[in-house]
Every structure is written in C-alpha cells, then in structure tokens.
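Shown next, in structure tokens, is the structure this report addresses.
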Amino acid sequence: MVATGHRLKTKYPKKHNHYGFRDFFQFDPQVGTITDWMDNRNVLASEDFIIGLVAGLEEEVGDASAAIMYTIGCEWGLKDAACFSQWFEAEFDRSIRQTNLMFLLETWWWPFTSQGWGRWEVDMGDRKQGFMFINLFDSAVARTLGDVGKPVCYIYAGLFAGFFTELVRKRLSCIEIQCYSMGETYCKFLLGGQERIDAAAFWLNEGATAGDIERRLQAGDQP
Amino acid sequence: MLSRLRHLQVETEGRYATDEELKFILDYVHSFRLRRDTYIRLQAAESDIVKEVQERLQAKHPELLRSGTNDLTTKWQRDTQRVLKLTALALLLDDATTLREVFLYWFQTIMKAFKAQTSCDVTYLTMQEVIKKRFTITEASLICPLLELNRTLLGCP
C-alpha cells in the first residue's frame with residue numbers, strides 16, 4: 001500500500017487552524033485509509049472497542065490492568081513528545097523550547113481533541129510548588145464506561161506522565177484524582193513527582209476528594 | 001450555509017425535503033448579492049479597518065498592544081487580519097457554524113494561552129463601531145453579529 005501525504009497540508013503546510021474534522025482528517029476511499037494532518041494513519045474505534053479493551057484486559061490480568069493501561073499511556077506519551085517536537089518545529093519554524101509554554105501545550109493537545117480524546121484545561125497555578133492539574137472534559141474512556149464509581153482514565157494519566165516527563169526531562173508521574181466515571185462532571189489529573197503522586201494516591205484511597213487533595217498539597221501536607 | 005446544507009442532507013435521508021426545510025436556501029439566494037458586495041467591500045477596506053481599530057486601541061488602551069517591553073502591534077495586526085478574512089468568508093457563505101468549528105474554538109485556546117482575551121474583547125467591540133461607521137446599516141447588520149461572535153468566543157476570560 002502506498003502512503004499518500006495529507007493533500008491539504010501539502011498545499012498549505014503553514015495553515016495552523018487545521019483541527020476541524022474535514023481539515024484534520026483525510027479519508028482515502030480508494031485505499032481505505034484515514035490519515036491525519038501529521039500524516040499518521042488513524043483508525044476509528046467504537047465505544048464497544050474501548051469496553052472490550054478495558055474489560056478484556058481486566059479479565060486477563062485483574063487489578064494489574066490499571067498499571068498496564070498507565071504504562072501503555074506513558075510509552076505513548078514519551079514517543080508522542082518526540083513526534084510532536086518534530087511537527088511543531090516544521091510548522092512553526094522554532095524549537096519547542098523557544099516558545100510560550102501554554103501555547104505549546106495547547107498545540108500538543110489539539111490533535112487529541114480532533115481525534116475525540118476530549119478537551120482539556122491545564123492549571124499551572126501550582127507549577128512552582130512542583131505539581132500541576134489537568135482537567136479533562138469528555139474523556140473517551142470515562143464517557144464510554146459511564147458511572148462505575150472509580151477512576152478509569154489510566155491511559156490518559158500515563159499519556160500526561162510520559163509527555164511531560166519528556167518535555168521537562170525529569171521523571172514525572174500522574175494520577176487521576178477525579179473522574180467522570182465517579183459521577184463527577186469532568187476528570188481531573190494531578191501531575192508531579194512520584195512522592196506527591198503517592199501522597200495523593202494514599203489520600204484518594206482514604207476517601208479524599210480532588211478538592212481535599214489540592215488543599216493538602218498546597219498546604220505542603222504529607223500522609 | 002454549507003453547514004446547514006450538510007445538516008439538510010442528513011435530516012432528509014430517505015425522504016424529500018419540505019418547503020420549510022428549503023427556505024434557508026432561498027433566503028441565502030436572495031441575500032447573496034448583498035453578501036457578495038459586502039465581502040468585496042470588506043476585502044477592499046481590510047487594511048483601513050484594521051488601521052482604524054489599531055489607532056483607537058492605541059489611543060484608549062495602549063497597554064493592549066504591549067507586553068512589558070515587547071511591542072505586540074505586528075502580531076496583533078496579523079491576528080486581526082486573519083480573523084477579519086475568515087469573518088468575511090463566513091459572511092459570504094452565511095456560515096457562522098463553520099467559522100466556529102474550523103477556527104474560533106482553536107483560536108480561543110491560543111488567545112487564552114497568550115492571555116489575549118481582553119485585547120480580543122476590545123478589538124472586536126471596537127471593530128463593530130468602525131464597521132458601523134464605514135458600512136451601510138444593512139451591510140453592518142451582516143458583519144457585526146459575526147464580529148460579536150468573535151468577541152464572545154475570543155474575549156471570554
């Protein structure tokens with residue numbers, strides 16, 4: 001099969017607002033492929049696929065499925081950071097390290113939004129204390145699984161951990177401290193060093209809410 | 001218009017469209033001459049409109065065109081011209097939905113990233129005043145709702 005480049009991108013390589021459905025994806029019915037703006041091959045996955053993936057993994061490995069999904073996300077984030085760095089530089093003619101951080105992060109997430117992974121909001125208010133929060137709206141995993149009473153977006157937590165680890169070149173971890181699948185209106189992730197993530201996991205296990213965890217971290221509490 | 005045609009295609013699957021469902025096409029046809037003429041006038045006046053908005057901003061809100069010691073004028077001009085071109089296209093095609101989906105939702109996050117919401121709020125409010133001064137009431141009634149859409153989405157905190 002011969003891979004063909006994204007035609008609109010080939011014509012307008014510097015078009016930045018290319019995240020609309022018809023611009024971002026190129027459907028090629030002749031060869032049966034969907035290519036995105038970054039020339040990556042995409043496949044459409046149904047909610048049944050997500051349910052099958054999560055339920056199948058749980059059946060195979062039990063509680064370890066959460067760690068596996070997190071690890072998959074982490075590897076994905078690490079690789080995606082390298083890929084992102086290349087296309088960002090090609091599109092904006094500058095390195096990812098010479099640009100406004102919030103602009104960089106929005107630019108990283110937009111392809112995910114186009115692909116249906118949900119919208120996000122980054123809260124960098126506590127960055128100087130060594131942690132930050134990410135709010136995720138319309139998580140593909142949580143929206144599919146519905147209210148199951150526990151966090152389910154491990155692949156996202158891994159994705160954020162992997163990407164930000166590569167971005168800041170320092171090992172970071174991530175935990176989902178509030179999830180649409182717990183009956184909340186959106187998902188909330190905490191990103192930071194392992195110690196803080198372990199503390200948040202402990203408090204979460206003790207029944208703390210995302211708000212409690214946020215306050216304790218800001219106050220410098222430890223379990 | 002294009003969004004509504006796509007919607008019509010979906011809604012009328014397996015049946016004929018009703019007169020009521022086709023009314024928007026007739027409305028568009030009737031409004032096309034005005035849309036085309038306004039589009040051409042906007043194209044011709046683009047640089048003058050941007051210049052006048054810039055002068056008003058410079059007079060009343062000079063801080064919006066600076067960030068510390070950085071002069072943001074060139075960047076502001078580039079952004080404003082881009083928004084105006086896409087606004088003119090949305091006017092020509094009567095398609096605010098596409099303007100939102102292919103541009104404004106993305107640009108909103110970029111403006112937030114650069115903390116430029118106040119600048120957008122003032123820019124597209126001022127631009128409506130400039131348009132009302134330079135265009136007829138009928139022409140302005142086509143352009144200003146789109147500029148208000150820009151202001152609402154790009155200027156929201």
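Residue numbers start from 1 in every chain, and the chains themselves are labelled A, B, ... in the order their sequence lines are given, proteins ahead of strands. This is a predicted model, so every value here is computed, not measured. Computed over heavy atoms, backbone and side chain alike; hydrogens, waters and symmetry mates excluded.
Residue A/F189 places its CZ atom among more than 12 non-hydrogen atoms of other residues, nucleotides or ligands, all under 6.0 Å distant. Applying the 6.0 Å contact sphere to OH of A/Y12 captures no more than 12 heavy atoms from other residues, nucleotides or ligands. Around atom NZ of A/K15, more than 12 heavy atoms belonging to other residues, nucleotides or ligands sit under 6.0 Å away. The number of heavy atoms from other shown groups lying within 6.0 Å of CD (A/Q129) is above 12. In this structure, B/R33 places its CZ atom where only 12 or fewer heavy-atom neighbours from other residues, nucleotides or ligands lie under 6.0 Å away. Within 6.0 Å of CD in A/E195 there are 12 or fewer heavy atoms belonging to other residues, nucleotides or ligands.
One distance of note links CH2 of B/W106 with CD of A/E106; it measures 11.0 Å at 0.5 Å rounding. Here the straight-line distance linking atom OG1 of B/T109 with atom CG of A/L105 works out to 11.0 Å at 0.5 Å rounding.
Of the two parts of B/F107, neither the backbone nor the side chain holds a non-hydrogen atom closer than 4.5 Å to a non-hydrogen atom of chain A. For chain B, the nearby part of A/Y19 is the side chain; its heavy atoms alone come within less than 4.5 Å. Using a 4.5 Å cut-off between heavy atoms, A/R22 touches chain B through its side chain atoms alone. Using a 4.5 Å cut-off between heavy atoms, B/R100 makes no contact with chain A at all.
A/T107 and B/I110 get closest at one heavy-atom pair: OG1-CD1, 4.5 Å.
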